[in-house]
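Accompanying notes for the structure given below.
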Amino acid sequence: QVLLVATGGGLVQAGASLRLSCAASGLAFRDYTMAWFRQTPGKEREFVGWINTSGSSTSYADSVLGRFTISRDSAKNTVYLLMNSLKPEDTAVYFCAARLSDLSTFTYWGQGTQVTVSS
């Protein structure tokens with residue numbers, strides 16, 4: 001079955017960097033658009049960014065644009081989220097998600113990894 005395992009979260013100081021990883025299994029990785037979302041308790045789930053099947057196109061939320069970078073490694077079936085210049089407001093559980101490129105909604109979701117940024 002499809003499994004998305006997100007890792008790499010932790011507690012860091014403001015201004016630090018973290019790289020999250022999402023390892024995908026049970027799907028044809030090359031056929032899926034991959035994305036990152038985040039959620040803070042009491043807030044709506046927020047889109048962070050996505051990357052297309054080939055890795056040639058990305059898109060980011062305005063709140064992270066210029067600080068976060070999404071990438072993918074087909075050989076490892078893994079998508080990454082590099083987070084630079086972290087701010088306390090970036091604190092959230094970060095989820096990876098996958099969908100076929102011709103769909104408009106994400107079909108598969110990872111369990112999430114906690115990122116906490118202290119001031």
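Between the CG atom in Leu4 and the CZ atom in Phe29 there is a gap of 9.0 Å [rounded to 0.5 Å]. The CG atom of Asn84 lies 9.5 Å from the CG atom of Leu18; values are rounded to the nearest 0.5 Å. How far CD of Glu46 is from CG of Asp90: 8.5 Å, rounded to the nearest 0.5 Å. For the atom pair CD1 of Ile51 and OG of Ser59, the computed distance is 11.0 Å after rounding to the nearest 0.5 Å. The OG atom of Ser54 sits 13.0 Å away from the CZ atom of Arg30 when rounded to the nearest 0.5 Å. For the atom pair Phe106 CZ and Trp50 CH2, the distance stands at 9.0 Å (nearest 0.5 Å).
Between Leu20 and Tyr80 the shortest side-chain heavy-atom distance does not fall below 4.5 Å. The shortest side-chain heavy-atom distance between Leu81 and Val48 falls under the 4.5 Å cut-off. For the pair Trp36/Val79, a side-chain contact is recorded, criterion being any heavy-atom separation below 4.5 Å from C-beta on. With contacts defined as side-chain heavy-atom distances shorter than 4.5 Å, the pair Met83/Val115 qualifies. Between Arg38 and Val64 the shortest side-chain heavy-atom distance falls below 4.5 Å. Proximity of Thr107 to Tyr32: side-chain heavy atoms (C-beta onward) are nowhere separated by under 4.5 Å. Side chains of Phe68 and Leu82 form no contact here, defined as non-hydrogen atoms less than 4.5 Å apart.
Under a hydrophobic-cluster definition in which Ile, Leu, Val, Met, Phe, Trp and Tyr are linked whenever side-chain heavy atoms come within less than 4.5 Å, directly or via other members, Phe95 and Leu27 are assigned to different clusters. Criterion: ILVMFWY side-chain heavy atoms under 4.5 Å apart, direct or through other members. Under it, Tyr108 and Leu103 are part of a common hydrophobic cluster. One hydrophobic cluster holds both Leu65 and Val117 under the rule that ILVMFWY side chains link at heavy-atom gaps under 4.5 Å.
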message: Go through it in stages, so that I can follow the logic: the residues are Lys87 and Arg67, the test is side-chain contact (heavy atoms from CB on, under 4.5 Å), and I'd like the CA-CA distance, side-chain angles, deciding distance and then a yes or no.
response: CA-CA 10 Å; Lys87 305 173 181 179; Arg67 298 189 297 120; 3.9 Å; yes
message: Phe47 vs Tyr60, test: ring pair (Phe, Tyr, Trp, His ring centres under 6.0 Å). Steps then yes/no.
response: CA-CA 8 Å; Phe47 166 78; Tyr60 302 94; 8.3 Å; no
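Remark: the backbone N or O of Ser57 is paired with a side-chain donor or acceptor of Asn52 at under 3.5 angstrom. Checking side-chain atoms of Thr40 against main-chain N and O of Thr91 turns up a donor-acceptor pair under 3.5 Å. Between the Arg72 side chain and the Thr33 main chain, no donor and acceptor come within less than 3.5 Å of each other. Using modelled atom types, one side-chain atom of Thr113 and one backbone atom of Gly9 make a donor-acceptor pair closer than 3.5 Å. For Gln111 (side chain) and Ala6 (main-chain N/O), a donor-acceptor pair under 3.5 Å exists by modelled atom type. A distance-only check finds no donor-acceptor pair linking the side chain of Arg99 to the backbone of Thr105 [under 3.5 Å].
Closest approach of Thr78 to Lys76, counting heavy atoms only: OG1-O, 2.8 Å. Counting all heavy atoms, side chain and backbone alike, Ser119 lies closest to Gln13 at O-OE1, 3.5 Å.
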